[in-house]
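Chain letters run A, B, ... following the sequence lines, proteins first and then strands; every chain starts at 1.
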Amino acid sequence: MSAAAIAGAARAQNGGLRRFASQEALLALAVIGLAVVVGFINPRFLATRNLSDLLLGNAYIAIAAIGMSMVIISGNIDISVGALIGVLATISGSLAVAGAPILVSWLVPLVLGVAVMAAQGAVVAYLRIPAIVVTLGMLSILKGGLISVTGGKWITDLPQNFHLADLSFLNVPMPVVIMVLATALAAVWMRYSASGRAIYATGGNAEAARLCGVNPQRTVVMVFALHGFFAGIATLVYATQLRVIQSTTPPGLELTVITASVVGGVSILGGVGTVVGSTLAAILIAEITSALVFINVSPYWTDALRGGLILATVIADILRRQRRAARGWSK
Amino acid sequence: MSLAAEAPARAIPWWLKRHETLLAIILVIALAGLGAANERFLTVDNLLNQGRLMTEIGLIALPMTFVIITGGIDLSVGAVVGLCAIMLGYSWKNFGFPLPVAIVFALAVGGVAGFVNGLVITRIKVPPLIMTIATLALYRGLAEGISQAHSVRGYPEWFYVLGQGDLFGVPTQLIVLMILMLVAGVALDRTIFGRTLYAIGANETAARFSALSVDRVKLVVYTLSGLASGLAAIVLVSRVTTTRMDMGMGYELDVIAAVVLGGTSIFGGSGTIWGTAIGLAMIQLLKNGLALTGVKGDATIVVIGVALILSVLIASSLQRRRD
Amino acid sequence: MKARLLTSTAATIVALAFAASGANAAGKWDGADDLPTSPLACDASGAAAPEAAKPYDGGQPTNPPDKAGKEITLVDVPKLIGIGYFNATSKGMQDAAKELGNVKVTTDGPTEAKIDEQIKFIDNYITRGVDGILFAANDPVAIAPVLKKALSKGIHVVGYDANSTPDAREWFVNQAQFNGIGKAMMDSMAKEIGEDGSFAIVTSTFTTPNQARWIAEMQAYAAKCHPKMNWLETVEAQEDNNLSFNQATTLINKYGDKLKGLFGMTSVATPASAEAVTKAGLCGKVAVVGLATPNAMKPYVNAGCVKSVVLWNPVDLGYAATYVMRAVVDGKLKPGATSVEAGKLGKLNVVNGSEILLGPPFIYNKSNVDQFDF
């Protein structure tokens with residue numbers, strides 16, 4: 001029975017997925033189009049080195065945005081992710097410096113990330129406290145707690161083999177490999193697995209999902225746990241990239257991650273969007289930041305232009321959806 | 001502040017069932033505890049001073065309550081504070097506007113910033129969170145671009161009355177906040193406008209079919225949010241005597257924390273101004289009380305986070321049991 | 001209607017882009033506060049243009065209780081807590097308190113460098129009652145009202161690291177004068193990349209007062225003493241490690257061989273710039289000069305990628321601030337004084353009316369970096 005129900009939900013979703021497949025196309029077009037325009041003005045922008053650095057330096061944002069997209073698609077939100085990444089990075093680095101085996105210092109952030117986020121998910125799902133309240137509270141707890149414990153002392157003298165981000169696979173830097181793999185796996189899982197579908201169903205209409213045999217509460221806990229897992233992976237890339245770990249929470253990271261998700265076409269009302277979109281959006285935003293330096297925009301105006309371009313992308317996406325929806329109805 | 005918090009509890013018995021009442025009780029218990037721990041906490045001077053310090057967040061929290069009741073959100077408020085502060089200083093110094101004109105101009109800029117949010121949200125149907133996350137970046141960027149990162153200083157002495165002066169022994173801006181809070185509270189409880197907000201938040205489609213002017217009301221609400229942020233900017237500039245483009249950074253989270261702590265549902269359809277007032281007072285006084293008792297800033301943030309989750313948890317579970 | 005909205009949005013963005021590109025990327029820097037710059041002499045003496053001795057221009061507390069020789073409780077409110085730099089100043093204060101024996105000092109402040117948060121902290125400590133406040137201001141003007149309130153309640157006020165308007169505090173312990181930093185930075189860079197080299201700057205934000213003034217002084221000094229050096233660009237990177245790294249990398253990729261040097265204006269931006277240069281494999285080809293704490297720079301200095309880092313000792317700065325406060329309370333440092341005794345630091349001179357100068361900035365390199373631990 002439940003299998004049939006999920007198939008039904010999947011059918012309902014399929015139209016949606018096909019429709020939004022082109023959101024990714026639009027973003028990919030924007031990423032390429034911007035590269036071409038900026039490359040025309042300053043050919044150095046297109047150097048392999050620069051494009052690779054661009055991906056390398058921002059992969060952690062894209063990875064964190066994968067989990068964030070799932071959370072938003074399930075009809076929730078998480079404001080604590082930036083603080084969590086700061087805490088996990090500090091723990092991971094401290095372990096490595098204290099002489100723990102490198103694998104342990106890589107695995108602990110993943111486990112803790114899952115634990116902290118699953119706990120938040122449980123509070124949201126079973127105690128019915130809105131996610132924004134729980135995660136806002138957690139943001140305070142993690143941020144204040146981190147400074148209380150570490151006093152903000154930087155972590156230096158990290159062992160050489162701790163730097164996962166310095167490795168590469170087939171000449172592709174590890175952060176990029178991880179970003180692509182994580183995005184691909186998450187996208188396939190969300191599209192084809194029953195539990196992946198359940199996320200869309202819960203976000204679209206929790207009551208209907210329940211009637212179809214999906215357990216919305218369990219789904220929410222699962223989504224938060226997965227989000228914690230991706231936050232853990234993002235931490236690995238983030239913490240192992242530089243020689244020092246700041247042991248403070250990266251300022252405004254949660255907003256950057258949420259922005260990537262929503263520009264990627266994830267609807268904040270829940271139920272629609274894909275992680276391919278959010279990864280492309282994270283790349284686009286990073287590309288805009290870098291491009292503005294390359295085309296000699298006055299540094300005072302870069303933030304305004306970035307905001308304007310993000311706004312334009314979002315509006316273009318919404319208008320395109322509406323035109324499609326209108327055409328769909330008229331048939 | 002504690003007066004405003006307790007009054008509803010005593011005056012209106014059926015409110016006993018409500019989130020606000022439970023929060024007010026939690027607040028009173030917390031205040032009594034902190035008051036017992038430190039004799040400098042429950043003094044008129046200290047409480048009035050805390051009122052002064054929380055006014056900017058409070059002003060923005062009023063229309064934010066409206067916005068959240070309609071099921072929306074406005075993340076751009078902190079950036080609008082920065083933009084309006086810059087427009088106040090810039091128009092006064094660079095356009096040569098007389099200061100009163102500059103104040104009106106800054107308010108107008110805030111209104112326009114909010115209006116643009118509302119316009120795109122209602123006309124193009126961009127979800128509020130997405131729209132205001134984008135304008136958060138845009139408005140802050142405009143503030144930086146226009147000001148070229150310059151601060152403006154040296155305002156005339158009379159301007160500081162708003163942010164640093166007293167009226168009948170009460171901080172000027174606190175009186176402004178109280179009046180606006182009363183107006184907002186009555187508007188929400190007693191007017192068609194207020195009813196419409198709840199109707200939109202509860203079920204927007206149904207509200208539309210009931211011939212309510214959903215779009216116009218939303219437009220008004222977001223414009224109010226911009227205006228209030230503009231007013232907060234003016235109060236802030238007057239209190240700290242300078243203008244910088246990074247003013248109001250992070251206000252959005254403080255404001256939302258006060259509103260949701262006050263029992264407004266983030267999903268829309270329920271909430272009151274009185275609840276917001278209690279939530280606001282609770283956060284400010286908790287921070288202050290802890291600081292006076294010798295708790296350091298980093299630990300205070302942790303306590304605020306726990307308090308935010310616990311009080312919403314306690315209030316909602318008690319409420320469920322009573323229902 | 002929708003189309004029109006979209007068109008107008010697009011038009012706004014294009015207009016913005018025009019406005020933006022019209023502005024000069026490396027225009028004149030005036031420290032964001034329109035104050036004049038005062039570049040030092042080009043030679044090693046570093047003598048400033050002779051200044052007329054300024055009379056005391058600090059404020060005075062109203063009827064402070066006489067605590068000369070008695071135990072006092074101080075609070076230190078830095079710009080923000082939880083960063084290495086202010087951990088070091090705080091350590092210096094504890095060291096001084098231990099030496100003096102009759103001073104108790106606690107450090108407390110906001111977790112982010114926000115002006116209104118810092119004001120709330122100071123306000124709470126005024127209510128709580130302390131004998132003295134030590135501060136490092138996020139904004140010199142915004143902090144003034146609350147400091148004046150402290151003075152009016154008989155609380156002593158001494159600043160360090162980042163000043164307020166003079167009348168809002170009694171004394172300010174200046175780690176190094178702005179023009180001294182400007183000279184040290186530019187001279188170090190010129191030595192490494194030559195008199196005709198091109199360089200770019202990574203800073204926190206254009207509004208941070210200290211950084212803005214240092215850049216202004218660097219520009220003034222460069223115009224006077226290194227006129228052929230080519231100032232390419234200045235970018236913002238907050239106080240964020242990864243963002244600083246990304247911005248530095250962008251600059252390296254943008255300018256290629258043309259870029260000979262990078263300045264880091266904060267203790268975050270400098271190591272991140274050094275990391276970017278290392279990752280790009282350009283050690284020795286792109287020089288990194290900047291302000292930074294030794295621990296974060298050790299790997300790069302020891303690897304030879306960074307030759308010199310400019311800094312004062314923040315532990316000494318906190319130490320001096322505490323001694324100055326003690327001297328003020330004891331009545332040993334009065335308006336008009338020309339120097340003050342500061343424990344192991346010896347005699348420190350009064351400059352500029354009401355500032356106490358820690359000394360010239362020092363430049364650390366491979367030979368001495370391992371002697372420091374902060």
Answer with yes or no whether the side chains of B/Thr132 and B/Asn117 bring together a donor and an acceptor at under 3.5 Å.
-> no

Answer yes or no: is there an ion pair linking B/Lys218 with B/Glu204, defined by an N-O contact shorter than 4.0 Å?
-> yes

Given that the side chain runs from C-beta out, which part of A/Leu146 has a heavy atom under 4.5 Å from chain B: side chain, backbone, both or neither?
-> neither

State plainly whether the residues B/Lys296 and B/Asp298 are in salt-bridge range, i.e. N to O under 4.0 Å.
-> no

Check: B/Phe115 ring centroid to B/Tyr222 ring centroid under 6.0 Å | no

Residue B/Arg208 excluded, over 12 heavy atoms near CZ under 6.0 Å = yes

With a 4.5 angstrom heavy-atom cut-off, which part of B/Val312 approaches chain A: side chain, backbone, both or neither?
-> both

Closest-packed option against chain B by number of heavy-atom pairs under 4.5 Å, given A/Ile310, A/Leu127, A/Leu142, A/Val263 | A/Leu127

Which atoms of A/Ile141 approach chain B - backbone, side chain, both or neither, heavy atom under 4.5 Å = both

Modelled atom types, side-chain donor and acceptor of A/Ser69 and A/Ser278, under 3.5 Å | yes

In terms of heavy-atom proximity below 4.5 Å to chain A, should B/Ile146 be classed as side chain, backbone, both, or neither?
-> both

Given a strict heavy-atom distance threshold of 4.5 Å, which part of B/Ile133 is in contact with chain A: side chain, backbone, both, or neither?
-> side chain

Name the region of B/Leu83, side chain, backbone, both or neither, that has any atom closer than 4.5 Å to a heavy atom of chain A.
-> neither

Residue selection (most heavy-atom pairs with chain A, distance under 4.5 Å) from B/Thr300, B/Thr135, B/Ile266, B/Val260 = B/Ile266

Heaviest contributor of heavy-atom pairs below 4.5 Å to chain B, chosen from A/Gly252, A/Ala131, A/Ser140, A/Gly145, is A/Ser140

Salt-bridge criterion met for B/Arg123 and B/Asp215 (N-O under 4.0 Å) = no

Between A/Glu254 and A/Ser80: side-chain donor-acceptor atoms closer than 3.5 Å = no

With a 4.5 angstrom heavy-atom cut-off, which part of A/Leu136 approaches chain B: side chain, backbone, both or neither?
-> both

Just give me the residue among B/Ala137, B/Gly145, B/Ala257, B/Ala134 that pairs up with chain A most often, heavy atom to heavy atom, under 4.5 Å.
-> B/Gly145

